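Everything numeric in this text was worked out from a predicted model, so none of it was measured. The analysis underlying the following values was restricted to heavy atoms, covering all of them including side chains, and did not include hydrogens, waters or symmetry mates.
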Amino acid sequence: MLSGRIISTEKETVDFATVYLKGTSYGGTTNQEGLYHLKAPAGNYTLVVSAVGYRTVEMAVKLAAGGRVKQNLTITPETQLLDEVVIVSTGVSRVKQSAFNAVAVDTKELQNTTKNLSDALTKAPGMKLREAGGVGSDMQLMLDGFSGKHVKVFIDGVPQEGVGSSFGLNNIPVNFADRIEVYKGVVPVGFGTDAIGGVINIVTNKKRRKWFLDASYSYGSFNTHKSYLNFGQTFKNGFTYEVNAFQNYSDNDYHVDAPVKDFETGSFNESEKYRVKRFNDTYHNEAVVAKAGIVDKSWADRLMFGFTYSHMYKEIQTGVRQKTVFGEKHRRGHSLMPSMEYSKRNLMTKGLDVVLTANYNRNATTNVDTARYEYNWRGEKNPLNSPGEQSRQYSRADNDNWNGTLTLNYRMDRMQMLTFNHVLSTFRRDNTSLLSVEEQTDPIAKETRKNISGLSYRLMPSEKWNLSAFGKYYHQYVAGPVAETETGSNYIRTSRTVDSWGYGAAGTYFILPGLQAKLSYEKAYRLPSIEEMFGDEDLETGDVGIRPENSDNVNLNLSYSKAFGKHSIYVEGGVVYRNTKDYIQRNIQDLSGGKEGATYTNYGRVLTKGYNVSARYGLGRWLSVGGNFTQMNVRDNEKTQIGSTGNAVENLGYKSRVPNVPYQFADFDVNFYWRDLWKKGNSLTVTYDNQYMHSFSYYSQAIGKNSDYVVPDQFSHNLALSYSLKNGRYNLSFECRNLTNEDLYDNFSLQKAGRAFYGKVRIHFGD
């Protein structure tokens with residue numbers, strides 16, 4: 001028997017705190033007096049205590065057969081108010097107290113791997129990672145049928161729009177995060193976002209630590225180097241600092257199957273493909289994130305000032321389709337971002353908590369396309385009549401991005417809470433041509449301002465059920481150049497303003513002990529992103545006049561967990577319904593000279609219906625087996641469309657699948673753990689995982705079932721071994737990705753790497 005009382009540093013009783021033994025199913029909650037009682041077999045455990053608004057605490061405990069242990073704990077108020085109680089269950093867990101459909105991916109077990117944050121997210125149900133190639137390639141995360149810009153990314157509740165590609169999730173090592181929260185569909189107003197697909201919140205470790213050092217280096221196939229360094233400390237007077245630094249480098253010179261252009265005839269046979277090696281795809285990025293400030297003061301729980309610098313260089317091997325190949329085209333960029341974070345619990349009055357963040361990001365990206373030759377996939381080159389492989393340019397885009405967030409939580413009493421959130425984002429882009437001796441900046445800048453306000457009410461009468469109701473206000477101002485004529489000979493500045501209201505509700509109920517139901521609905525809006533309005537100034541063209549998406553979203557989820565001695569099971573199933581109007585679609589556009597580009601357009605109505613299921617089994621501390629399956633139907637729901645004459649005509653694509661969207665995929669993993677192997681404190685972990693994706697068309701089904709337009713079925717396998725010494729102080733790991741060397745494809749049939757090997761060394765010191 002293990003029992004005790006949980007109180008806060010403010011000497012307040014903490015009721016409904018979650019108390020459990022880590023890695024087991026033994027757990028419970030504190031009562032109104034803050035008391036808890038647990039029963040578990042004799043052994044050594046880690047006791048974990050967590051509660052809404054408080055930092056999670058872990059403590060080693062030893063239970064003797066027939067004995068009783070009393071363990072009181074004091075927990076500290078949490079400065080990050082978006083956190084919910086997380087029940088850990090072998091890597092993927094439920095955000096249990098939240099009424100919203102949310103899971104959390106624990107990154108601790110992945111920190112000895114070479115995975116990045118986007119790789120880690122694939123463990124979450126309904127999540128699919130889509131990449132255009134190797135390290136540093138364009139990446140999208142698809143969640144329950146929605147992808148890319150439908151899913152918003154946050155770090156500790158701060159939106160990551162406009163931060164630059166060098167700080168994308170596929171470039172940040174998994175060690176950067178303590179855990180990753182995934183809110184599917186309807187999301188809390190505390191994020192202040194306009195997502196209709198969901199939210200990904202990267203949660204970093206904010207525990208007060210005396211000192212720590214985490215460093216790693218990995219090397220692998222295609223001359224890939226990755227390194228990571230994280231160190232910091234907190235002094236007794238409350239001064240704290242932390243530095244994160246990481247880099248990625250890869251030649252990305254893997255083999256692909258592609259058609260080869262014959263320069264003598266000026267054409268190529270797309271159906272005749274050759275095994276060729278990528279030769280213009282080197283990528284590297286470097287980033288440093290430094291923070292310093294004060295914690296645990298009477299006037300501030302946390303006041304931090306930060307500075308982020310990132311840099312990237314990327315050679316561009318292909319256009320939006322793989323048949324297009326470039327030999328010299330590249331881009332480079334850098335980003336400078338100062339930031340501030342302030343939080344205070346019980347500000348001026350008990351129960352009022354505030355979090356305020358602000359950052360400014362100066363991001364510059366230079367695109368270089370001045371080659372005097374065209375290339376084919378063999379690396380052969382042929383003189384061009386005029387410079388430029390895609391379109392001659394040597395230009396710099398200077399982006400200025402401001403973000404500010406304010407979150408107020410007011411706990412009216414033990415059962416009721418009000419939350420107000422406001423997010424302000426501003427963006428400005430100036431384009432400058434560097435082709436001439438003197439720089440020439442476009443006279444019309446591209447600008448947008450976005451304000452999103454949200455207010456929610458939460459009722460928590462017991463640990464058995466709770467509900468939230470909320471409303472949101474969206475406002476966006478957009479200004480930029482628009483061509484006066486179809487030839488684009490003259491541009492004028494145009495502007496517009498969009499205002500919308502949204503609302504929704506979410507609730508959760510424990511039908512039986514361990515059996516939880518969650519239901520949520522939202523009338524949601526998604527304002528057009530920077531890329532959709534302004535493009536990327538290279539391969540993608542935006543539309544200043546593109547309209548916001550609006551959607552009716554419904555999510556229903558059931559989950560069940562149970563433990564039988566050393567055995568534990570977890571099963572989850574979810575149903576998704578989304579009716580979206582003015583759906584923003586990315587299309588491929590044929591340009592003159594056999595070139596292609598991407599455009600964004602509003603497309604009538606799109607209906608999404610589907611489900612995903614997840615299951616996991618654990619045996620003590622040495623085996624974990626689990627997987628996910630997702631089936632999503634994203635279909636054209638527009639009966640008629642405007643024809644060339646301006647009249648409404650029948651839509652031939654009505655009820656067909658939206659192109660280039662995977663609709664059936666699954667993953668599975670099995671993990672073996674050998675604790676105290678050869679020596680106490682040492683452990684060996686062996687992990688096998690796989691990913692399956694059903695074939696899908698990257699063009700509308702209305703044009704017919706042409707196999708040339710189909711991405712085939714794919715089934716890839718990965719294997720990883722990790723050995724830790726001295727309780728994780730020293731770590732060695734080895735990975736093989738795509739073990740069977742399958743041909744893997746993604747966006748518009750862009751091919752990804754074959755079999756690859758990686759090794760990693762990691763050290764970790766401190767608390």
Side-chain angles (χ1 to χ4, degrees), residues 107 110-122 129-139 164-177 214-230 244-256 275-288 310-318 322 326 330-333 379 687 689 691 716-722 731-747 750-763:
T107 64
L110 303 173
Q111 290 182 350
N112 290 332
T113 71
T114 60
K115 293 182 182 293
N116 50 49
L117 291 181
S118 59
D119 293 327
L121 278 165
T122 58
L129 172 63
R130 307 188 68 188
E131 289 183 294
V135 176
S137 62
D138 293 337
M139 178 273 301
S165 61
S166 60
F167 214 70
L169 293 185
N170 59 335
N171 291 324
I172 304 177
V174 72
N175 306 60
F176 184 83
D214 188 0
S216 64
Y217 169 76
S218 68
Y219 173 76
S221 298
F222 320 119
N223 194 27
T224 301
H225 304 258
K226 296 183 178 183
S227 55
Y228 175 74
L229 176 65
N230 177 215
N244 273 282
F246 58 88
Q247 65 81 217
N248 302 282
Y249 176 93
S250 181
D251 290 338
N252 287 320
D253 54 349
Y254 58 90
H255 287 83
V256 297
R275 194 70 170 172
V276 294
K277 190 175 183 179
R278 298 172 75 97
F279 59 91
N280 185 51
D281 204 17
T282 296
Y283 176 86
H284 67 83
N285 78 301
E286 301 80 32
V288 178
S310 61
H311 175 269
M312 72 89 179
Y313 171 82
K314 176 179 175 61
E315 294 176 347
I316 304 192
Q317 181 70 87
T318 69
Q322 188 155 296
F326 303 127
H330 64 277
R331 67 172 60 124
R332 60 181 182 270
T687 299
D689 66 88
Q691 292 82 38
S716 62
H717 311 262
N718 308 297
L719 185 66
L721 295 88
S722 177
N731 308 272
L732 300 170
S733 60
F734 173 80
E735 297 176 53
C736 178
R737 298 193 185 183
N738 195 0
L739 182 66
T740 54
N741 201 31
E742 302 292 326
D743 289 336
L744 304 179
Y745 302 87
D746 219 317
N747 295 334
L750 295 174
Q751 193 168 350
K752 298 187 287 187
R755 185 187 296 115
F757 299 93
Y758 301 94
K760 181 176 179 178
V761 179
R762 174 176 174 251
I763 59 172

Determine whether Arg737 and Lys115 make a side-chain contact, defined as any pair of heavy atoms from C-beta on separated by less than 4.5 Å.
yes
Heavy-atom distance under 4.5 Å between the side chains of Ile172 and Asn116, does that happen here?
no
Sorted by chain and number, sequence neighbours left out, side-chain contact (heavy atoms from CB on, under 4.5 Å) with Leu732 holds for Val761
Compare every heavy atom of Gly133 with every heavy atom of Lys752, then report the nearest pair and how far apart it is.
CG-O, 4.2 Å
Distance, nearest 0.5 Å, that separates OG1 of Thr113 from CG of Asn175:
7.5 Å
Heavy-atom closest pair (Gly136 atom, Asn170 atom, distance to 0.1 Å) is C-ND2, 4.3 Å
Quick check for you: to the nearest 0.5 Å, what is the distance between Asp253 atom CG and Phe222 atom CZ?
7.0 Å
Is there a donor-acceptor contact under 3.5 Å from the side chain of Lys760 to the main chain of Gln111?
yes
Closest approach of Ala720 and Glu735, non-hydrogen atoms and distance?
CB-CG, 3.8 Å
Determine yes or no for a side-chain-to-main-chain donor-acceptor pair under 3.5 angstrom, with Asn248 supplying the side chain and Asn285 the backbone.
no
I want to check something: taking the side chain as every heavy atom from C-beta on, are Thr107 and Phe176 in contact at a cut-off of under 4.5 Å?
no
Looking only at heavy atoms, the pair that brings Ser221 and Ala756 closest together is OG-CA, 3.4 Å
Hey, does the side chain of Ser137 reach the backbone of Glu131 with a donor-acceptor pair shorter than 3.5 angstrom?
no
Give the C-alpha distance, both sets of side-chain angles, the deciding distance and a yes or no for side-chain contact (heavy atoms from CB on, under 4.5 Å) between Tyr228 and Asn244.
CA-CA 8 Å; Tyr228 175 74; Asn244 273 282; 2.6 Å; yes
Sequence-distant partners of Tyr313, ring-ring contact (aromatic ring centres under 6.0 Å, His included), two or more places apart
His284, His330
State, with a plain yes or no, whether a side-chain heavy atom of Leu719 is found less than 4.5 Å away from one of Phe734.
no
Side-chain H-bond candidate by donor/acceptor type, Asn252 with Arg278, under 3.5 Å
no
By ring-ring contact (aromatic ring centres under 6.0 Å, His included) - contacts of Tyr217 (at least two apart):
none
What's the separation between atom CG in Leu721 and atom OG in Ser733, rounded to the nearest 0.5 Å?
9.0 Å
Please examine the side chains of Tyr254 and Asn738, heavy atoms only from C-beta on, and report whether any two atoms are closer than 4.5 Å.
no
Quick one: list whatever passes ring-ring contact (aromatic ring centres under 6.0 Å, His included) with His255, sequence neighbours left out.
none
For Gln751 against Asp743, the heavy-atom pair lying closest together:
NE2-OD1, 3.7 Å
Quick one: are Tyr758 and Ser218 in side-chain contact, heavy atoms under 4.5 Å?
no
For Thr687, give me all partners under side chain to side chain donor-acceptor pair (under 3.5 Å), at least two apart in sequence or on another chain.
Asn671
About how many Å separate CZ of Arg755 and CD of Glu742, when rounded to the nearest 0.5 Å?
9.5 Å
Hey, are the side chains of Ser250 and Tyr283 touching, using non-hydrogen atoms and a 4.5 Å cut-off?
no
Gln317 side chain vs Phe326 backbone, donor-acceptor pair below 3.5 Å:
yes
Could you pull out the closest heavy-atom pair between Ser118 and Leu129, with the gap in Å?
CB-CD1, 3.8 Å
Min side-chain heavy-atom separation Arg762-Asp214 under 4.5 Å:
yes
Would you call the rings of His225 and Tyr219 parallel, tilted or perpendicular if under 30° counts as parallel and over 60° as perpendicular?
tilted
Could you give the distance from CD (Glu315) to CG (Asp251), rounded to the nearest 0.5 Å?
8.5 Å
Can you measure from CG (Leu117) to CG (Asn171) and round to the nearest 0.5 angstrom?
10.0 Å
Set of residues satisfying ring-ring contact (aromatic ring centres under 6.0 Å, His included) with respect to Phe279, sequence neighbours excluded:
none
